[in-house]
Amino acid sequence: MTDFWKRFSKHRGAVAGLVILFLIVLLAVAAPFLFPKSPWAMVQRPFLPPFENATYFLGTDTMGRDLASGLAHGAYVSLLVGLVSTVVSLLIGIPIGALAGYFGGIVDDVLMRFTELFQSVPSFALAVVLVAIFQPSITSIVVAIAIVSWPPVARLLRGEVMALKSRDFVDAAVLSGQKPLTIIWSQILPNTLSPIIVLASMMVAAAILVESALSFMGLGDANVMSWGYIIGAGRTVIRQAWWVSFFPGLAILLTVLALNLVGEGLNDALNPRLSRKGK
């Protein structure tokens, strides 16, 4: 663990990303305490400029709602959707990729054709269709993002398992009489954690972007505040009230950038040999 942190800390961008991500998570957790009022509550006149009122320091939106409150509560929604949809994607993609890579042959062909079926449709277009069919809600958004995000996980796991199944420790497990599923679970999957963790960090960032885009288009959950919804609500008055779209857009930029930087740092820390070759 000490060696991992030393390698990770050498990546200054990753450390900066981790700090930014920590602050965003802290904001999301503390949102109900910092802003106990509903983010939908009208608290001031509309289009109050930022830094003009100490209580509502980021200003207000088109309806007189506190923009800072909306950003804090929106952070929780964005992170929740990103994390849950990524976990669901992993739960779908890992078994499919592991089975395809280990058994090969007909099993591999069937599972990979099934994977390619989902990849043949543009992912964002499919997400829009799925959310529209199931009615916009947090649950439908999570399911839609998970459905369009699992194919890369399956392909990654397939390649990793195919490379690992010919290793000596797998041959030893086969000779000892272990069943294929036991070998996959106890011998192979633990050795694929590094690329999975790196990919998962990138997937959370991508999921936040997709959720923001869906909310921007009016396909978000109407009962929760999100960054994409705030940007969408402010796009028609961007010349009159630039801050309504600017601050949530900045929040999305920082969150996605932080997750990508952390992903790069994890890649360098978990794969030191690749890091040295790159240098």
Side-chain heavy-atom pair L181, K179 within 4.5 angstrom cut-off: no
Check: L34 and L27 side chains under 4.5 Å, non-hydrogen atoms: yes
CA sep, side-chain torsions, deciding dist, call: F247, I230, side chain to side chain contact (heavy atoms under 4.5 Å, CB included): CA-CA 9 Å; F247 288 116; I230 301 173; over 6 Å; no
Test log, rule side chain to side chain contact (heavy atoms under 4.5 Å, CB included), inputs V244 and I238: CA-CA 7 Å; V244 178; I238 194 166; over 6 Å; no
Minimum-distance pair of heavy atoms, taken over all atoms of I183 and A173: CG1-CB, 4.0 Å
Within-4.5 Å side-chain heavy-atom neighbours: F8 and D268: no
Straight-line distance of F35 CZ to L71 CG, nearest 0.5 Å: 8.5 Å
P46 side chain reached by T62 side chain, heavy atoms, under 4.5 Å: no
Chi angles and distances behind the side-chain hydrogen bond (donor to acceptor under 3.5 Å, both in side chains) call for S215, E211: CA-CA 6 Å; S215 297; E211 185 279 327; 2.8 Å; yes
Exercise: identify the closest heavy-atom pair between L18 and V262: N-CG2, 3.6 Å
Neighbour count >12 (heavy atoms, 6.0 Å) for atom CZ, F22: no
Between Q119 and T115, a side-chain donor and acceptor under 3.5 Å: no
Between F114 and W150, ring centroids under 6.0 Å: yes
L164 versus V170, closest heavy-atom pair with distance: O-CG2, 3.3 Å
W185 atom CH2: more than 12 heavy-atom contacts under 6.0 Å: no
Spacing of M225 atom CE and D66 atom CG [to the nearest 0.5 Å]: 9.5 Å
Same cluster (ILVMFWY, side-chain, under 4.5 Å), L254 and W242: yes
Any V161 side-chain heavy atom under 4.5 Å of I184 side chain: no
Shortest non-hydrogen separation from S149 to M203 and the atoms involved: O-CE, 3.8 Å
Residue L117 excluded, over 12 heavy atoms near CG under 6.0 Å: yes
Test item: L209 and V256 side chains (from C-beta on) under 4.5 Å apart, heavy atoms: yes
Heavy atoms of other groups near Y76 OH, more than 12 under 6.0 Å: no
Interatomic spacing from CG in N260 to CG in L21 - rounded to 0.5 Å: 11.0 Å
Pair F118-V148, side chain to side chain contact (heavy atoms under 4.5 Å, CB included): steps then yes or no: CA-CA 7 Å; F118 283 87; V148 302; over 6 Å; no
Polar side-chain atom of R235 near backbone of G232 as donor-acceptor pair, under 3.5 Å: yes
Joint hydrophobic cluster, V143 plus I145, side-chain heavy atoms closer than 4.5 Å: yes
Pairwise side-chain contact, Q135 with S140, heavy-atom cut-off 4.5 Å (strictly under): no
Donor + acceptor pair across side chains of S89, T86 (<3.5 Å): no
Side-chain donor or acceptor of S78 paired with backbone N/O of A75 under 3.5 Å: no
S201 (side chain) donor-acceptor with V198 (main chain) under 3.5 angstrom: yes
T60 side chain reached by L67 side chain, heavy atoms, under 4.5 Å: no
Joint cluster assignment, M202 & V25, ILVMFWY side-chain distance < 4.5 Å: no
Rounded distance (nearest 0.5 Å) linking atom CZ of F57 with atom CG of L48: 12.0 Å
Heavy-atom pair of closest approach, residues A144 and V131: CB-CG2, 3.7 Å
Note: E52-R45 ion pair, threshold 4.0 Å (strictly below): yes
F103 reachable from M162 in the ILVMFWY side-chain graph, under 4.5 Å edges: no
Ring centroid separation W243 to F246 under 6.0 Å: no
Co-membership, hydrophobic cluster, residues V142 and F134, 4.5 Å side-chain: yes
Closest approach of M112 to A100 (non-hydrogen atoms, all atoms of both residues): CE-CB, 3.9 Å
Test salt bridge (charged side-chain N to carboxylate O under 4.0 Å, His left out) applied to D108 and K165, R155, R158, the passing residue: R158
R12 atom CZ, neighbour heavy-atom count above 12 within 6.0 Å: no
Between OG1 on residue T182 and CD1 on residue I188, distance to nearest 0.5 Å: 11.5 Å
Spatial distance of atom CG (D221) from atom CG (L214) [nearest 0.5 Å]: 12.0 Å
Audit row: L257, L261, side chain to side chain contact (heavy atoms under 4.5 Å, CB included) steps and yes/no: CA-CA 6 Å; L257 178 62; L261 289 173; 4.0 Å; yes
